[in-house]
Every structure is written in C-alpha cells, then in structure tokens.
Amino acid sequence: MRYNPQEIDKKWQARWASDHLYKVDDDNGRSKWYEMTMYPYPSGNLHIGHWYAMAPSDAHARFKRMQGYNVLHPMGFDSFGLPAENAAIRQKVHPHDWTIQNIANMKRQLRSMGTIYDWTRVLSTMDAEYYRWNQWIFLQFFKNGLAYRENAPVNWCPNDQTVLANEQVVDGKCERCDAQVERTNLEQWFFRITKFADKLLDFSKLIDWPTRIKTLQENWIGRSEGVDISFDISHLGVEETELHTFTTRIDTIHGVTFMALAPEHPLIEKIVTPDKKLAINDYIQLARQQSEIERLATDREKTGEFTGCYAINQLNGDKIPVFAADYVLLSYGTGAVMGVPAHDQRDFEFATKKNLPIKVVISPENWNGEDLPEAYLGSGLLINSGIFDGISSDEGIRLIAEHVENASFGNRTISYRLRDWLISRQRYWGTPIPIIYCSTCGTVPVPEEDLPVELPRDADFQPKGKSPLASNTKFLNTICPNCGAKAERETDTMDTFVDSSWYQLRYVSPNYDKGPFDKQLLKLWGPVDQYTGGAEHAVMHLLYTRFFTKALNELGLLNFEEPFLRLFNQGTIIADHHKMSKSRGNVIAPDPFVESLGADVVRIYLMFLGPWEQGGDWSDSGIKGMSRWVNRVWDIAHIDTGEFDKVDEATTQDLTRDTHKTIRKVITDLDRFHFNTAIAAMMEFTNKLGTIALKKNVVPAVWQKAVETLLVLLAPIAPHISEELWERLGNSYSIHSQLLPQWDEALAADKMITMIVQVNGKVRDKISVQVGISEDEAKEAALNSPNAQGFVGDKDIRQLIYVPGRLVNIVV
RNA sequence: GCCGAAGUGGCGGAAUGGUAGACGCGAUGGUCUCAAAAACCAUUGGGGGCGACCCCAUCCCGGUUCGAGUCCGGGCUUCGGCACCA
C-alpha cells in the first residue's frame, strides 16, 4: 500500500470537519494562545504567497495547540475594497456577487491546506453585521473628537476617480492602478491618529516585535522637537499679522535670509504684490500638477517665485523676502520654512539658485570668512547673532528658544511627520460613513439604534468623480434624526484599513450583536499573543490598528493597549531566483501541486525552502525531495518489527538518544518559527530509522516509540499523513489532540564525543573521548594523538587551550 | 542620500567565537528493468598525493583572538523600506 495523498487528504479533512475537531471552546481550562495571521483580500484565488503566509502560521498554531494551549487561530476575509469595484466596472458583476464567489473558492482552497481554522468564527468585513460596528466605532470617535471633517489637499487618482492617502501613493502613482496622482481639495473625514503620536512611539508593552518594524514606525511618526517661531507681517495689511514657521534649528535664526512657503499656502494669494501675481499664479499651477512625490525628488533643481513681500525677523529686525517654493510641503509643520542657507543644504541650494545672501551664524572650525562650498550642518560657536555671539550652537538652541518664548515670538513645540488618517473614500464598495447633513442642525451622527447604515445593493458605481452613493437618491435622501426635516446622508465610504484595525477583536465573538465584541470573552482571549504577516504592513495597517487599540482603550472599551504582543514577519517567496510576476510567467499556482503531491508535501516544502523570516526560493524540482521524504516516512511506519532479529543494545541506546535529541531540536526550532531546520532534523532522524530498518538491529518497543515520536513531531507540519499513520499504528484518534513529547536531557546526552585536536588553531585530528573526560585527560589524549604530534614535533608548547566537550588547541 | 537585512558548493540553504557546507535539490556511477521512469545504494567545494594525509576555500581589505562564516573597522554588491521633514 503506497501513500495516496489525494485519498488521505480528503478522508481526514472530512473527518475533522464532521467531528468539529478544530472548534474552539472559549474556556477549556487550558491557557489561551491567540495566534493570528493577516487575513487575505478575497481576490479569487489563493496563490503561493498566501500559502507561504498561512501554512507556516497554521503549523505554528498547531504546534502551540499540541503544547497544551487552548489555541484560537481564526481566519477571515478583507472583503471590501477597490478590486471588487474594478471587477464590477469591467465585468459588469456586482461587487457583492464577485466577492462572495471568491470567498467560496478561497475557503475551499484553505480547507485543502488542512488548516485548523474554526469556520464557525470566520468573518467577512462586507457583512452588515461586521461593518455596522465600523460605524459604531466611528460614532464613538466622532463623539470624542477623534473623527472630524476638513477640507484638505489630497491625492487624487484620475483613473480610480478617488482620493488616496499619502501612504497609498507609490512613486507618485496610485498604489493600486499605477495612474499618475494629482492633487486637489475635498471635504474629507479624518481620524485623529496624531493625538496618539507619543503613545504610538511607546513600544514598552510589546513582548516581541522586530526592531526593524519599530524603527519604521518611529521614522513614520517622525517626532521632532523645535520652536514654532513667528515672523512679523503686520505691515502687509492682511488679516494675519504673523507668519509662523517650525524649526528644529532655532540657533540659526539670525542666519535667515529668506522665507519659503508651500505653493498651496493660503497666505500666498493674500500677500502677493500685484506685479508678481501672474508669475506666482503660474508657479502655483505648475506645482499643483506635480505629485508630492515628484516634488520631493532629491535630484531636482530648486524652484520658487518671489511674492514681492517681506517678513520681519523679530530677533534682529532683518527684512526677509518671502518666496513660494515647491520643496516646502504644506502638510508638514506650518507649511513654511525659514531659509537658513548657510546651515541647511536645501536652503543653500535654493539661495544659490536665487542669488540670495548666505549668512554664516555658526562658525565652522578653522573658518576664516571665505564662502562656504555647501551648508555647514555641524555645531560650533555662534557669530553674527547679536547678544548670542560666542556661545555654542548647542547651547544656543536652548537659550534662543527661551529668549523667543519670553519675547512672545514663539513657542517650543513638537512636530510630527505623521498626519491624521484620511478615511473618506469616494467609492461604493465600503462601509458607509454614518453621518447625516441637515440644513438646520448641521452635521448629525446617525443614532446608534439606526445602525447599520446599509450599503444599498443598487448603485451606479461607475466612477464620476464623486461617490457612487451620491447618485442613489433612495440612499441619499433621509430625515434629520434631530429635527425631522429633510436631510442628506454622507455618501463617502470608509478606507478598508478601518476594517482591519479591529478585526482581531471581532474573531473572539464574531456573531455578537450587542456591541463590536463581547467584553467578557475579550478579557479571556485578548490581546493577540502572536501575529504573523508580511512586513509591507509595517506602517499602515500595524500603526492604524495600534491606534484603534489605544483609542478604544482610552474610551474605556478595552482593557489593553496593544493589539499584538508578538509580531513575526515572514519574508517573501520568490521562484527560481526571481520575484514572481505575471509578466515573467513564473507565478506558482499551488492547486496543481496539492492535487498531485498532496497538501502535506506543499506545506512541508514551503517551510523547508529557507528561513521563514527571510523568504524562500521555490523550485519545481525541489519539492520532489519532500515527496520522497514523506514516502520514506510512510514506508518506515509500515515496517514489521517482527523481523527485527539482530537486536543490538548499543544501537538501541543510540536510537533512544537520537529520539530525544530530535524532540529537543524540533520543539525548540518550531517555537521560534525555524521550520526549515526542524524539518531537516526530522529528515535526519528518518534517515537513521531507514538504516536501522535495513539492519533490523533495535528493540521493537524502542523502534515503535521512535516512529510514533516522529509522527507526533510531524503532525503540526503535515497534518494529514501523520494522522493516517497514527491510526495505522493502532493509536487512538486524533494525533492532533496529543501533547508533544518531552525530551529528557539525560537521555539526549551523548556518551562519547568527537574531540577536535588543533595545533595553532588548525584541525589536525579528531579523537573519540568519553563525555565526562577531565581536562587533564583530554589534554593528554590530545598530546598523544600521533597526527597532532607530527605538527608539534620538538617545538615548545606555549599554551594548551581546552574547551570542554569540544577541543584542545596546542599552541607551539 | 538615509535606515534595515543579506552575501557560504552547480542551486536552495546549515553552522551557542571552536570539525565550514547539516538537510534537500541537481549531477555522476551502480542495483533493479527488455528499456525507461520510480525507488534504492555510493560519490559529489577546488587542487595535490598510490596512500595515511596535505594545501586552498564562507564578497574584498585590514584588525581583535590560541582559534573568525560568526566579533570590530573600512569598502563592494544584492534585496527591502523610507526619502528635500524645516
């Protein structure tokens, strides 16, 4: 009887389903372990990248289960989003129907992997019973000032006819459709994530996150301490009497020779002098056509236009020309820069281009007044700085900040690169924002009891520059919940990152209808102990969900502050040394391999390819090795020990030792996601069993134990074949309800070891010695080694290095 | 430009500062077969020697150490992320 994966996979998948083997009890007396992998977008097919994320995480969750934990390892679908809407536009399929079909297919594929997902807990974000709680959370945020509406410049994708967050613009192009992004203004809903900037910088409550991800988030938040300093423009006769700018280098304030405003800065239109108006308007038009990313390109020449106006530096009375310059961003700081060409490289380039004076206020070492070839960014003694001359620039930062605060020219402040989270989408396939606009009462939140605001099935979702919901009058027209007058609904929907910002809370009680989650059950399960997923979500998803957790915590809805205590990022899988892509034609489809070789072989290969953390290189020939191994395990499990007639005590002891060594290696490796080396250890063990099977020289009971151990260790990785062989060996169902064996250090310990004999650090001999050998005995044995003696000769022995259990190094 | 990760046989990859190349793929030879496939056995970093063995070898150049793939300094290359952040 040969191993027949097609039959065995189906047999056990059906049995596990009908027995509800993976149904999770909320409280079964064991310690909880909540392990999640990032849920997929239901694009229609699980590709090998999905498998690469899910098979190892499933194996790890199974491993924890067999360690005795009560494991929750759920699965769901990120089912709102643009691809469904694009498919609807292209293929005239309703996004709902398209997504439902895809989910059905992907569920089938996920089952074919032999996963432990509890399908009674599956969630899908497009369900009204899910997104109503998006709306509910939105209302809580709104009531607590964490959601607000503002007219703001946004990235506009002309192709998708929609707004993109800065984070979703890649290389000046739309992340999803690659169209060149433009800039425009719209009324948008925001979540006030910036309020949590400092809390998000605090990683102290995390148990284990990659430093890399923490650094990325730190840089993304981009906290910098500085001074908000104002320049006097009261003489210009406009409403504003001061021009505010943020600087981290207040010590260079006396070196300001120009001001640069972002072209979109509202002040520009007001202050521009009549003779400059034409040129400025042209410049603003030009800047508007450029995406933010284009404007930020470092190799670009600095451009700008003089507004004809001057601002007054209140520290020294200098008259400073004000420019519009597109290297200044409206979205950072105050949208205005004080230009200090001598001590900032960008300002230096701008000043050079515009022939502006370069005034040195920090003296570089050994500087004797010549022109600077580039900006001097270092510290030094202040010069040309009035009463601050002669003090160090580092001290200047403190003293001048104090001075401007006392003089009411400015305030010490903290600026962040992080911007508030724009959640409005002018799209159909998403969560409607639960807001009503009334001509009398203004912006009115939908009462909680009226939730969900359901997404209507019929809508014209062809993009027309505004939300498809705006053309659905049945949806649009409503009654003001406040005064009963005719009113209109908000027609924007929410960013799908809202869905994924709290889904981990919903899995705990996916059908709960009195709130987003059952608080009691969440006390039991939350927070997530282990999260796994790709590093591409380092800043967006992971930052947003941390923000949600902290905000819900602050609103008293959660008793913890971090969503994911441990995070593991797997690498990406490539094929034949290249990134998989349709154009290259090297995309691996998992289904054919599952059909021909079985799910277990595909699972094993994905985990064997390389370290999970670093990704792996798939090759069609490599997977054959896994098939061979699994077949060898099959054969070994079928060996009849009745024929073992040359029993040898020493070999039997070796087998016991190898069994315990293998347990130790596999368990410690699986715990740390080192699947590849755990599998290698099991292969080695299999090879040893194969040799023994030929020699028939061990005690049958020890053999039996060794084979069963191998199967139990294999179970998390290859659930089907291990279950089948477990049954064939006469054990009771199910192997997946077994506990992993414990290893015994004493039994795993070697008796004889190979000791290395080195002469001057070079290996000259390998001798077999007792484990407990004393230092003196070891040294003597080393000196007596004939091989080593040949290299020592009659030279003086200067030193003998002894490393217990390892080597002796003879230094001559 | 900045930040991060990585560079080891023909290939994917193993190696608490202590036997470099575990495990697997591929290749070569053999067994089985009419033949092939599959499977199994053996060999497989390069060079030298009849041989026990010897020399060289972990991107490059230095350093620390009895001993470096591993630690330190400098450089090169690849991949990933971020990027005029005032």
Side-chain angles (χ1 to χ4, degrees), chain A residues 2 210-213 215-216 218-220 222-224 226-227 229 245-249 252 260 293 295-300 302 325-329 331-340 343-347 349-350 415-418 535-536 538-539 569 571-572 574 576-577 579 604-605 608-611 613-629 631-632 635 674 676-687 690 694 754-766 786-787 790-791 798-803 805-812:
Chain A
R2 297 293 303 161
T211 320
R212 200 161 51 96
I213 303 292
T215 310
L216 273 168
E218 257 168 34
N219 294 343
W220 193 263
R223 183 184 202 271
S224 49
V227 174
I229 175 111
T245 179
F246 175 80
T247 180
T248 54
R249 293 296 305 274
T252 64
I293 299 293
R295 280 169 52 181
L296 302 187
T298 38
D299 47 5
R300 231 167 121 258
K302 299 280 176 290
D326 71 1
Y327 77 94
V328 182
L329 305 179
S331 53
Y332 183 77
T334 61
V337 167
M338 58 177 222
V340 186
H343 305 290
D344 181 286
Q345 188 56 30
R346 292 152 303 167
D347 298 345
E349 286 167 25
F350 187 81
S415 187
Y416 300 92
R417 180 185 177 278
L418 182 71
E536 68 273 18
V539 276
N569 290 124
T572 40
I574 59 174
D576 296 320
H577 322 299
K579 207 169 182 166
I604 292 166
Y605 188 50
F608 183 74
L609 287 171
E613 197 164 13
Q614 284 168 36
D617 190 359
W618 175 285
S619 89
D620 286 356
S621 58
I623 194 171
K624 281 199 282 189
M626 306 305 111
S627 216
R628 282 182 200 144
W629 175 47
N631 275 290
R632 277 207 305 280
D635 292 341
H674 292 188
N676 57 332
T677 47
I679 291 169
M682 286 189 263
M683 287 175 169
E684 257 182 286
F685 191 52
T686 309
N687 293 343
L694 290 176
T754 307
M755 191 176 76
I756 304 304
V757 182
Q758 295 183 336
V759 180
N760 287 343
K762 287 197 177 228
V763 179
R764 294 306 180 188
D765 204 359
K766 301 165 188 181
N787 248 330
F791 287 89
R798 290 226 311 257
Q799 206 180 344
L800 275 180
I801 312 274
Y802 171 64
V803 182
R806 288 271 181 199
L807 61 76
V808 172
N809 186 10
I810 305 166
V811 186
V812 298

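Letters go in sequence order (proteins before strands), and every chain restarts at 1. None of the values given here were measured: they were computed from a predicted structure.
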Would you check if A:Tyr332 and A:Ser415 make a side-chain contact, meaning some heavy-atom pair closer than 4.5 Å?
yes
Work out how far the C1' atom of B:G51 is from that of B:A15, and round it to whole angstrom.
31 Å
Among B:A15, B:G81, B:C85, find the nucleotide with the atom closest to the side chain of A:Leu329.
B:C85
Note: for A:Gly610 and A:Gly622 on RNA chain B, the residue whose nearest nucleotide lies more 5' is A:Gly610
Side chain of A:Lys766: nearest nucleotide among B:G13, B:U19, B:G24?
B:U19
When you compare B:G69 with B:G7, how far apart are their C1' atoms, in angstrom units rounded to a whole number?
11 Å
Name the nucleic acid region contacted by A:Leu807, choosing base, sugar-phosphate or nothing; use a 4.0 angstrom heavy-atom cut-off, strictly under.
base
So, does A:Arg632 get its side chain near the phosphate of B:A39, meaning an N or O under 4.0 Å from OP1 or OP2?
no
Check whether any side-chain N or O of A:Asn687 sits under 4.0 Å from OP1 or OP2 of B:A22, and answer yes or no.
no
Suppose we define a pair by two distances each less than 3.5 Å, Watson-Crick or G-U wobble; what does B:C71 pair with here?
B:G63
Please tell me which of the listed nucleotides, B:G24, B:C66, B:C25, lies nearest to the side chain of A:Met626?
B:G24
Ranking B:C82, B:G12, B:A14 by distance to the side chain of A:Asn676, first place goes to B:A14
Have a look at A:Ile756 and say if it touches a base, only the backbone sugar-phosphate, or nothing, with a 4.0 Å heavy-atom cut-off.
base
A side-chain contact here means heavy atoms from C-beta on lying under 4.5 Å apart; do A:Ile229 and A:Met338 qualify?
yes
Of the nucleotides B:G81, B:A83, B:G26, which one has an atom closest to the side chain of A:Lys624?
B:G26
For B:C11, take OP1 and OP2 only and decide whether either is under 4.0 Å from a side-chain N or O of A:Ser621.
no
Calculate, to the nearest 0.5 Å, the distance between atoms CD1 and CZ belonging to A:Ile801 and A:Arg806 respectively.
15.5 Å
Base paired to B:G12 (Watson-Crick or G-U; both N/O distances under 3.5 angstrom):
B:C23
Starting from P on B:G12, measure out to CH2 on A:Trp618 and report it in whole angstrom.
17 Å
Is it the case that A:Asn631 and A:Arg2 place a side-chain donor and acceptor less than 3.5 Å from each other?
yes
Side chain of A:Met683: nearest nucleotide among B:G81, B:C23, B:A86?
B:C23
Do A:Lys302's NZ or CZ and the ring of A:Tyr327 fall within the cation-pi criteria of under 6.0 Å and 45°?
yes
Side chain to side chain, A:Val337 and A:Arg346, heavy atoms closer than 4.5 Å:
no
If only side-chain N and O atoms of A:Lys762 are considered, is one of them under 4.0 Å from the OP1 or OP2 phosphate oxygen of B:C66?
no
Ignoring backbone atoms, establish whether A:Arg417 has a side-chain N or O less than 4.0 Å from OP1 or OP2 of B:A83.
yes
For a quick test of reading the model: is some side-chain N or O of A:Arg346 closer than 4.0 Å to OP1 or OP2 of B:A86?
no
Considering only atom C1', compute the distance from B:G12 to B:G21 and round it to an integer number of Å.
13 Å
For B:A15 and A:Arg806 - does any side-chain N or O of the residue sit under 4.0 Å from the phosphate oxygens OP1/OP2?
no
Across the strands shown, which category fits A:Phe350 at heavy-atom distances under 4.0 angstrom: base, sugar-phosphate, nothing?
nothing
Within the 4.5 Å heavy-atom criterion, are A:Val757 and A:Leu807 side-chain neighbours or not?
no
For B:G29, does the O4'-C1'-N9-C4 (purine) or O4'-C1'-N1-C2 (pyrimidine) torsion place it in syn, i.e. within 90° of 0, or in anti?
anti
Strand partner of B:C82, provided both Watson-Crick or wobble distances fall under 3.5 Å:
B:G1
Compare the minimum distances between each of B:A15, B:A86, B:G12 and the side chain of A:His577, then state the nucleotide with the smallest one.
B:G12
Between the side chain of A:Asp765 and the main-chain N/O of A:Pro786, is any donor-acceptor distance below 3.5 Å?
no
Once you apply the 3.5 Å cut-off to both distances, tell me the Watson-Crick or G-U wobble partner of B:U77, or none.
B:A6
Could you tell me which nucleotide pairs with B:C40 by Watson-Crick or G-U wobble geometry, both distances under 3.5 Å, or answer none if nothing does?
B:G30
Interatomic distance at C1', B:C59 relative to B:U70, whole Å
15 Å
Can you say whether a donor on the side chain of A:Gln758 sits under 3.5 Å from an acceptor on the base of B:G18, or the other way round?
yes
Spacing of the P atoms in B:A68 and B:C61 (rounded, Å)
15 Å
Distance between P atoms of B:C11 and B:G45 (Å, rounded)
13 Å
If the P atom of B:A20 is compared with that of B:C56, how far apart are they to the nearest Å?
13 Å
A:Arg223 near the nucleic acid: base, sugar-phosphate alone, or nothing, with a heavy-atom cut-off under 4.0 Å?
nothing
For B:A52, does either OP1 or OP2 sit under 4.0 Å from a side-chain N or O belonging to A:Arg764?
no
Under 4.0 Å between a side-chain N or O of A:Arg212 and OP1 or OP2 of B:C82?
no
Taking B:A5 as the reference, what is the distance to B:C85 when you measure between their C1' atoms (whole Å, please)?
25 Å
Given RNA chain B, 5'-ward residue of the pair A:Ala680 and A:Val811, judged by closest heavy atom
A:Ala680
